[in-house]
2 protein chains.
Amino acid sequence: MLSKKAKYAIKALLALADREGEEPMRIADLAREEQIPPKFLELILLGLRNNGILQSRKGKGGGYRLARDPADIYLGQIVRMFDGPLAPVPCASQTAYVRCADCRNEAECGVRLAMKEVRDATARILDGTSLAALHDRVEQVTARRMRGILSD
Amino acid sequence: MLSKKAKYAIKALLALADREGEEPMRIADLAREEQIPPKFLELILLGLRNNGILQSRKGKGGGYRLARDPADIYLGQIVRMFDGPLAPVPCASQTAYVRCADCRNEAECGVRLAMKEVRDATARILDGTSLAALHDRVEQVTARRMRGILSD
DNA sequence: ATTTATCCCATCGGATAGATAGACTAGTGT
DNA sequence: ACACTAGTCTATCTATCCGATGGGATAAAT
């Protein structure tokens, strides 16, 4: 399960990617636009800032903006940051391997075998999808829908 | 994250697949062999039984055995049974779709787009791997290791 | 009838997720 | 310098769920 934190984080980042180059965005506005509890979002944005994903400015005209090129921000990093390793089971994790207490010989563990496949597939997707790429895909859907409406 | 329940279930099923055709296996023995808390395992096996995966017999000589061909038991079913839908987010689930409360237009949701990919990849693996297939893979690893030891 | 083993109820501690409050700090514009 | 604005930080709270256990009811075999 993706936590709400990770989910809100991605939503917020997509919104910020949409505003690249513009004025920084305030927590309150972002919260309203994305339907996220403001105080909760605050916590999330702070986390993203402390991990170098976001930049912040205090005082009037302040708010948050992306700290780097959205093409260099990958979903894998965001998800791991809030939800920990991608692997369904610690012993199948690449970035945070932990041995199972119950497990006679790991090499012959069927659970691990299967879950390693799941973790690899997940990592391939999330570490292969940048914020920019995802944003583009959303834009394409939007554009297609707009054309659909216009031709009605 | 895979729950302990699902993990233990798969381990137990693999052990039972290894004993196909033989006498039914008792909870206590299975628990000892797979290093699972007996009472907890009891709960899990009961669940598997109530879902038609296992057969049970009470009294002396009783225990559990597979209710169907391990080639017809898929990991996807087991995981869903204990941990719910595979999708990281309810709105990306195929078998248990639920709309997100916060979500203006679902078709343009980046989170959903990305998570649908993850769910599809996961489903492809788990619904594509039967207990028999997994058991075979484990056997192959074991055989390879045995040969390694013999040739030492 | 006694033994054996599953069935099924009820419960429990601890961890975690989601969320909120409030006081503090540091910028901005005037 | 001052007041305002908006992010920073810590603390706390509640509900839910996970992992696990205990104890009695039920059914099968001898």
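Order of the sequence lines sets the chain letters (A, B, ...), proteins ahead of strands, with each chain counted from 1.
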* To do: Mind checking B/Leu45 for me? I need base, sugar-phosphate or nothing, with any heavy atom below 4.0 Å counting as a touch.
  => nothing

* Asked: Contact class for B/Phe82 (heavy atom, under 4.0 Å): base, sugar-phosphate, or nothing?
  -> nothing

Using whole Å, what does the distance between atom [atom2] of nucleotide [N] and atom [atom1] of [X] come to?
{"X": "B/Ile27", "N": "D/dT26", "atom1": "CD1", "atom2": "C1'", "result": "14 Å"}
{"X": "A/Lys5", "N": "C/dT16", "atom1": "NZ", "atom2": "P", "result": "12 Å"}
{"X": "B/Arg49", "N": "C/dT6", "atom1": "CZ", "atom2": "P", "result": "12 Å"}
{"X": "A/Leu43", "N": "D/dC13", "atom1": "CG", "atom2": "P", "result": "17 Å"}
{"X": "B/Ile36", "N": "D/dT21", "atom1": "CD1", "atom2": "P", "result": "12 Å"}
{"X": "A/Met25", "N": "D/dG7", "atom1": "CE", "atom2": "P", "result": "11 Å"}
{"X": "A/Ile44", "N": "C/dA19", "atom1": "CD1", "atom2": "P", "result": "8 Å"}
{"X": "A/Phe40", "N": "C/dA19", "atom1": "CZ", "atom2": "C1'", "result": "7 Å"}

* To do: Select from A/Asn50 and B/Tyr8 the residue whose nearest nucleotide in DNA chain D is closer to the 5' end of that strand.
  =>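 So the residue in question is A/Asn50.
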
* Asked: More 5' along DNA chain C: A/Pro38 or A/Gly59, using each one's nearest nucleotide?
  -> A/Pro38

* Would you indicate, yes or no, if D/dA6 has its OP1 or OP2 atom less than 4.0 angstrom from a side-chain nitrogen or oxygen of A/Ser56? => no

Closest approach to the side chain of [X], judged atom by atom: which nucleotide of [options] is it?
{"X": "B/Arg57", "options": "C/dT20, C/dC8, D/dA29", "answer": "D/dA29"}
{"X": "B/Glu42", "options": "C/dG27, C/dC8, D/dG19", "answer": "C/dC8"}
{"X": "B/Lys58", "options": "D/dG19, D/dA6, D/dA28", "answer": "D/dA28"}
{"X": "A/Lys60", "options": "D/dA20, C/dT28, D/dA29", "answer": "C/dT28"}

* Asked: Which distance, rounded to the nearest 0.5 Å, do you find between the CG of B/Asn105 and the CZ of A/Arg145?
  -> 5.5 Å

* Asked: Is the base of C/dG18 touched by the side chain of A/Lys39 through a donor-acceptor pair closer than 3.5 angstrom?
  ->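 No.
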
* To do: Determine yes or no for a side-chain-to-main-chain donor-acceptor pair under 3.5 angstrom, with A/Arg49 supplying the side chain and A/Ile53 the backbone.
  => no

* Asked: Hey, is the main chain of A/Met25 close enough, under 3.5 Å, to the side chain of A/Asp29 for a donor-acceptor pair?
  -> no

* To do: Identify whether the distance between the nearest side-chain nitrogen and carboxylate oxygen of B/Arg137 and A/Glu117 falls below 4.0 Å.
  => yes

* Asked: Considering the options A/Lys7, A/Gln35, A/Lys4, which one meets the side-chain hydrogen bond (donor to acceptor under 3.5 Å, both in side chains) requirement together with B/Asp102?
  ->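 By the side-chain hydrogen bond (donor to acceptor under 3.5 Å, both in side chains) criterion, B/Asp102 pairs with just one of A/Lys7, A/Gln35, A/Lys4: A/Lys7.
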
